[in-house]
Amino acid sequence: MAGRRRLPRQYYQSEDVTGLARDLLGKYLVTEVDNRYCSGMIVETEAYRGPDDRACHAFNHRRTQRTEVLYAQGGVAYIYLCYGIHHLMNVVTAPRDTAHAILIRALQPENGMEVMADRRGMSANDVRLTKGPGALSQALGLTTNLSGVELFSSASPVWLEDRGVIIAEKDIYSSKRIGVAYAGEAAQWPWRYFLKDNKYVSVHRKSGL
DNA sequence: TGTCGGATCAGCT
DNA sequence: GCTGATCCGACAC
């Protein structure tokens, strides 16, 4: 395996949020929460582009206490509670005041599977360990109190790594985003990206294009 | 202060 | 494949 490299602040500053959402496939999400280390390879993402994206929490320049972190510079985590139960992990991208984000929807477990299994209350070989945005957040110990942490900071308990995995374009499928049917025209945008034939990809595993 | 609905998941069929 | 659980954030009043 190539040398592990925490992705630098600069990586997150691009305004091409769909390009970054594709580029995140094959990168690693790593956490060290409660002194427990675990990681997984990103296999599914969705791009959200405020303010013109009705599905984005920053649509139409909306700012609230919860979404304020979306307007920070790229490279911080935006974690929010969905359905009152699930914590969903997003990577904020683009320069300050441009509210773009990428939802991490699924991982292929790599390190600390026993830790993840313990947090999830299931066995370490269960395919559902990190399959889906709520599931992976629970597995890695990601909660809303980590919203706003700087992923590029050497001291942060959450970060992204490039471990040298190369993803071929032909192995990236795309589809409409999940669960945003309310979002009008934006609901049709093919801004969900996932690895072809990867068993950790969540619902609807066929290409929508 | 009250209402509404959601970027989901697990368990069961 | 279908359905109930569950509760906070946003906004209307």
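Values below: every heavy atom of this structure, side chains too, minus hydrogens, waters and symmetry copies. Chain A is the first sequence line, chain B the second, and so forth, proteins listed ahead of strands; every chain is numbered from 1.
Residue A/Met89 is out of contact with every strand shown, counting any heavy-atom pair closer than 4.0 Å. Contacts of A/Ala135 with the nucleic acid, taken as non-hydrogen atoms under 4.0 Å apart, involve only primed sugar atoms and P, OP1 or OP2. In this structure, A/Arg177 reaches neither bases nor backbone, as no heavy-atom distance under 4.0 Å exists between it and the strands shown. Among the atoms of the strands shown, only primed sugar atoms or phosphate atoms (P, OP1, OP2) are found under 4.0 Å from some heavy atom of A/Leu81.
Spacing between atom OH of A/Tyr193 and atom P of B/dA7 amounts to 19 Å, rounded to whole angstrom units. Between the CZ atom of A/Arg128 and the P atom of B/dC12 there is a distance of 11 Å, given to the nearest Å. Regarding A/Arg63, its CZ atom lies at a distance of 19 Å from the P atom of C/dG9, rounded to whole Å. For A/Tyr83 and C/dT3, the OH to P distance is 15 Å, given to the nearest whole Å. In this entry the distance linking CG of A/Asp53 with P of B/dA7 reads 11 Å, nearest Å. Protein atom CG of A/Leu88 is 20 Å distant from nucleotide atom P of B/dG5, rounded to whole Å. Taking atom CD1 of residue A/Ile79 and atom P of nucleotide C/dG9, one finds them 14 Å apart after rounding to whole Å. Following rounding to the nearest Å, A/Trp189 (CH2) and B/dA7 (C1') show an atom-to-atom distance of 15 Å.
When atom types are taken as modelled, the side chain of A/Arg177 and the backbone of A/Ala186 share a donor-acceptor pair closer than 3.5 angstrom. Of the possible donor and acceptor atoms, none in the side chain of A/Ser39 sits under 3.5 Å from a partner among the backbone N and O of A/Glu110. Under a 3.5 Å cut-off, the side chain of A/Arg62 and the backbone N or O of A/His57 do form a donor-acceptor pair.
At B/dA7, none of the side-chain N or O atoms of A/Arg192 fall inside 4.0 Å of OP1 or OP2 (strictly under the cut-off). In this model, the phosphate group of B/dC9 is not approached by any side-chain N or O of A/Arg120 to a distance below 4.0 Å at OP1 or OP2. OP1 and OP2 of C/dG9 both lie 4.0 Å or more from every side-chain N or O belonging to A/Thr64. Between A/Arg66 and C/dA10, a side-chain N or O to OP1/OP2 separation shorter than 4.0 Å is present. Considering only side-chain N and O atoms, A/His57 lies under 4.0 angstrom from the phosphate OP1 or OP2 of B/dA7.
Classified by interplanar angle (parallel below 30°, tilted 30° to 60°, perpendicular above 60°), the ring pair A/Tyr12/A/Phe152 is tilted.
With a 3.5 Å limit on both pairing distances and Watson-Crick or G-U wobble geometry required, the stems of 3 or more pairs in DNA chain C span B:1-6 with C:7-12, B:8-12 with C:1-5.
Residue A/Leu103 has its side chain nearest to B/dA7 when only B/dA7, C/dA10, B/dC9 are considered. Comparing B/dA10, B/dT8, C/dA10 by their closest approach to the side chain of A/His86 singles out B/dT8.
Salt bridge present: A/Arg22 and A/Glu169 bring a charged side-chain N and a carboxylate O closer than 4.0 Å. The pair A/Asp126-A/Arg128 counts as a salt bridge, with a side-chain nitrogen and a carboxylate oxygen less than 4.0 angstrom apart.
The shortest distance between side-chain heavy atoms of A/Lys27 and A/Tyr11 falls below 4.5 Å.
You cannot call A/Tyr182 stacked on the base of B/dG6; the centres under 5.5 Å and planes under 30° rule is not satisfied.
Here A/Leu81 pairs with A/His87, A/Thr144 under the side chain to side chain contact (heavy atoms under 4.5 Å, CB included) rule; sequence neighbours left out.
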